[in-house]
Structure formats: C-alpha cells, structure tokens
Amino acid sequence: MLVAPGTEHLAGFRAEITNLGLGPVQVSTFAFSPFRSHHTPVRVPRGDPEQYQLVLTTKRALRVPRPGRGTVIAGDPLWTDASRAVESHGSSDGGEVRAIVLQIPRSVLPLRPNRVDRLLAQPIPVTGGTGAILADFLGALVAHGPDCQAEETSRLGSIAVDLAAACLAQHLGALGEAPAEARAQAMRQRITGFIEHNLGDPDLTPLAIADRHNISLRGLYALFEGQPLSVAAFIRRRRLERCHADLARQELRNHSVQAIAGRWGFPNATAFSRAFREAYGLTPTDHRENALRPALHAVSGDPARHAHRSMPIEPRFPSAGDNRPT
C-alpha cells in the first residue's frame with residue numbers, strides 16, 4: 001500500500017503488516033516508523049487494484065495534503081481510492097503510527113461512485129452512530145478475525161461492506177442510498193450493542209428494545225429473521241454466557257448463584273437454573289464446583305480429593321425461531 005516511501009531515519013525504519021482475507025474484502029494492520037508516502041500517477045496504472053480503502057489510525061495520525069483544500073490530519077477513518085495519486089505523512093513527532101485498513105473492491109461497494117468519490121481524502125467521523133459501530137467492528141475483526149473459520153470470514157467481509165456503505169451514505173446525508181441489508185446490519189449492530197450494555201436490566205425485553213430504537217416489535221423481529229438467534233434468544237444466550245463466566249471466577253466464589261444470576265437479569269432462581277441446564281447440560285452449582293475445583297486443590301494440597309472433573313460441554317442455545325420471554 002505504501003509506494004515510494006521516504007524517511008529521514010532510514011536506518012531505524014521498521015514496519016509490520018498483517019493481512020486478513022474476508023472474501024473479496026481485506027483488512028490489514030500497519031505499524032510503521034515515521035515516513036512520507038507518494039502514490040504517484042505514474043505508479044497507479046502499473047497495478048491498479050481498483051479498490052477503495054478506509055484507513056483508521058489507532059495510534060497517532062496521518063497527514064494527507066489535499067491540493068487546494070489544505071491538509072487533513074486523519075485521526076478519524078480516512079476514505080481513499082487506491083487508483084488515485086495520493087501523498088501522506090506519518091507521525092511528525094517521530095513516534096510509531098498504527099492503522100487498520102479496510103480494502104473494498106470498487107465493484108463490491110453498493111453505492112454510486114460519483115457520490116462516494118466526494119468523500120475521498122476526507123475523514124469520516126466515528127464519534128457516534130454508524131461510524132462508531134464501523135470503527136468498533138474493525139477493531140474486533142483485527143482482534144478476533146484470525147480465529148474464525150473460512151466461512152465465517154466471508155460473512156464478516158459482507159458485514160464490513162454493509163457497514164462501510166451505511167457509514168458512507170450517512171455521511172453523505174443520503175442513508176436511503178445504502179442497500180436495505182446495509183441499513184439492517186447497521187441497526188442490528190446498534191441493537192446488539194444496546195443489549196450488551198443492558199444485560200443486567202431485568203426489564204430488557206424485545207418490546208423495550210423496539211421502543212428504545214423507535215421501531216415496531218414486528219420490525220424488530222423481522223430485523224433478526226435469518227440470523228442464528230432471535231432477539232429474545234440472543235438476550236438469553238448472552239445473559240447465560242455472562243453467568244457461566246462469573247460462576248467460574250475465583251474472586252466471585254463468595255457470591256451466591258442467585259446473586260450472580262440476578263446481576264445478569266435472571267430474577268427467578270428456578271427459571272435461571274432450568275435455562276442454564278438446558279444450555280450447558282448441568283446445574284449452575286455443578287458448573288461452579290467443577291470450575292473452582294482446581295483452585296480448591298491448590299489451597300487444600302489434596303489433588304486427589306475431587307478426582308472427577310466433567311468434560312467441557314458445548315452449550316445448547318435456542319434457535320432463531322425461539323422467542324420465549326427472556
């Protein structure tokens with residue numbers, strides 16, 4: 001991506017690049033010493049990738065001169081076209097620059113080029129809305145994408161394109177131009193983020209979520225059609241996962257099972273125990289005893305005292321059609 005780089009500190013220059021393929025889309029991370037990059041008109045036709053690039057700097061910033069329009073200091077994502085000449089400068093203070101780059105083929109982006117090109121060499125704010133969702137998603141891709149299977153990465157690539165399209169269309173003031181699925185994906189991301197931050201609220205129900213996001217209950221259910229879990233099942237799954245993790249934490253061993261269940265939105269002990277057993281195949285108490293047993297061995301010095309340990313159990317969560325109350 002960096003063509004004809006220059007630096008005043010050539011002897012100490014270093015760069016690290018990682019790439020993750022997501023079908024036709026690619027996300028890369030860059031870490032590099034201070035530099036000057038010249039993507040010249042002569043070099044562009046030699047290997048024109050016909051790609052758009054969304055550059056999100058995560059440490060320090062890039063300086064991108066724009067003829068006749070001043071210089072952009074890109075701390076927010078910067079929208080660029082790999083087919084056009086561009087000059088950039090990294091970290092005038094001598095520190096390392098880090099960036100995430102989402103590369104999208106022009107043929108894949110579902111927006112009209114003549115409109116998208118208005119945003120070239122412009123920062124895309126990520127302080128809220130779809131931009132913030134996109135930035136968080138890119139960070140999660142870098143952190144967890146390498147652990148995904150091939151079929152998962154292809155789906156993640158489609159999500160990345162949809163989010164980028166929704167973000168760009170919103171920035172253009174023309175969200176209606178984004179394809180329906182892009183708008184739906186952006187809304188699902190908003191809703192799942194809202195759910196994650198409110199799992200401990202026992203009143204977190206599909207109706208409450210629909211009201212909070214100004215959509216009908218039917219619209220909310222439609223939004224999750226075709227997804228692995230319905231909205232109600234997703235809430236229940238995430239609550240159970242949080243409980244499952246907390247019950248295995250040594251520092252919470254003095255908290256009762258019901259206190260932990262209540263912390264994550266399960267006020268009814270019987271309903272929680274039943275849901276936990278359906279998902280994991282054992283009671284919350286049994287799971288806690290199995291998880292904490294190694295720590296007890298270390299304290300007691302008697303590793304043979306509880307020789308039996310249950311094997312890890314794959315959780316069984318409800319399907320997308322399950323809309324039972326959470």
Side-chain angles (χ1 to χ4, degrees), residues 20-25 27 102 108 110 130 133-134 136-166 178-201 204-210 212-213 215-246 261 264-266 271-272 274-282 287 312-326:
L20 175 65
L22 305 171
V25 179
V27 63
L102 176 65
V108 171
T130 310
I133 294 171
L134 176 59
D136 288 345
F137 182 72
L138 291 179
L141 271 181
V142 169
H144 305 293
D147 299 325
C148 295
Q149 301 297 320
E151 61 274 15
E152 294 178 298
T153 57
S154 181
R155 288 196 297 270
L156 289 172
S158 297
I159 293 172
V161 171
D162 289 341
L163 281 174
E181 180 53 33
R183 298 195 301 273
Q185 179 62 40
M187 178 60 81
R188 277 194 297 271
Q189 289 278 354
R190 282 182 58 194
I191 289 172
T192 55
F194 177 80
I195 289 171
E196 292 288 354
H197 284 90
N198 292 276
L199 286 172
D201 182 357
L204 181 69
T205 63
L207 180 58
I209 293 169
R212 177 65 177 78
H213 291 83
I215 59 177
S216 68
L217 187 59
R218 179 179 295 180
L220 177 65
Y221 287 147
L223 197 62
F224 280 79
E225 283 182 1
Q227 299 302 303
L229 297 172
S230 69
V231 63
F234 178 77
I235 295 171
R236 186 165 53 251
R237 169 178 175 167
R238 293 300 292 131
R239 283 174 166 166
L240 286 169
E241 288 175 343
R242 295 292 184 91
C243 292
H244 187 271
D246 278 2
W264 295 114
F266 287 105
F272 167 67
R274 181 172 61 248
F276 192 97
R277 185 166 192 135
E278 287 178 358
Y280 295 103
L282 73 172
H287 163 63
I313 297 174
E314 183 70 20
R316 300 186 298 274
F317 291 110
S319 66
D322 186 348
N323 280 302
R324 289 181 294 169
T326 57

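The basis for the numbers below is simple: all heavy atoms, side chains too, and nothing from hydrogens, waters or symmetry mates. Numbering of residues begins at 1 and proceeds along the displayed sequence.
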For a side-chain contact (heavy atoms from CB on, under 4.5 Å) check, start with the C-alpha distance between Leu156 and Val27, then their side-chain angles and the critical distance, and finish with the verdict. CA-CA 11 Å; Leu156 289 172; Val27 63; over 6 Å; no

Taking all atoms of both residues into account, what is the closest heavy-atom pair of Ala160 and Leu141, and its distance? CB-CD1, 4.5 Å

In Å, rounded to the nearest 0.5 Å, how long is the span from NE2 of His197 to CG of Leu204? 12.5 Å

Using every non-hydrogen atom in the two residues, find where Ala261 and Cys243 come nearest and quote the distance to one decimal. CA-SG, 3.9 Å

Ala245: side-chain contact (heavy atoms from CB on, under 4.5 Å) partners, not counting sequence neighbours: none

Please enumerate all residues that pass ring pair (Phe, Tyr, Trp, His ring centres under 6.0 Å) together with His213, with sequence neighbours excluded. Phe194

Heavy-atom closest contact (Leu223 atom, Ile191 atom, distance): CD2-CD1, 3.5 Å

Does Ser158 have any side-chain contact (heavy atoms from CB on, under 4.5 Å) partners at least two apart in sequence or in another chain, and if so, which? none

By side-chain hydrogen bond (donor to acceptor under 3.5 Å, both in side chains), Arg242 pairs with (sequence neighbours left out) Glu196

How far apart are the closest heavy atoms of Leu102 and Ala164, and which atoms are they? CD2-CB, 4.4 Å

Between the CG atom in Leu217 and the CG atom in Leu207, the distance rounded to the nearest 0.5 Å is 6.0 Å

Show your reasoning for whether side-chain contact (heavy atoms from CB on, under 4.5 Å) applies to Leu20 and Val142. CA-CA 8 Å; Leu20 175 65; Val142 169; over 6 Å; no

From Thr153 atom OG1 to Arg155 atom CZ, the distance as rounded to the nearest 0.5 Å: 9.0 Å

CD1 on Ile133 to CG on Leu163, rounded to 0.5 Å: 7.0 Å

Separation between CZ (Arg212) and CZ (Arg190), nearest 0.5 Å, reads 7.5 Å

Output, in order, the C-alpha distance, side-chain angles, deciding distance and verdict of side-chain contact (heavy atoms from CB on, under 4.5 Å) for Arg236 and Leu229. CA-CA 10 Å; Arg236 186 165 53 251; Leu229 297 172; over 6 Å; no

Answer yes or no: is there a donor N or O on one side and an acceptor on the other, between the side chain of Arg188 and the main chain of Phe224, under 3.5 Å? no

Is the closest side-chain heavy-atom distance between Leu22 and Val161 below 4.5 Å? no

On a heavy-atom basis, which atom in Leu199 and which in Arg239 lie closest, and how many Å separate them? O-NE, 2.9 Å

Taking the inter-plane angle between the rings of His244 and Tyr280 on a 0 to 90° scale, is it parallel (under 30°), tilted (30 to 60°) or perpendicular (over 60°)? parallel

Please give me the minimum heavy-atom distance between Ala279 and Leu240, naming the atom from each residue. CB-CD1, 4.0 Å

Phe272: what forms a ring pair (Phe, Tyr, Trp, His ring centres under 6.0 Å) with it, not counting sequence neighbours? Phe266, Phe276

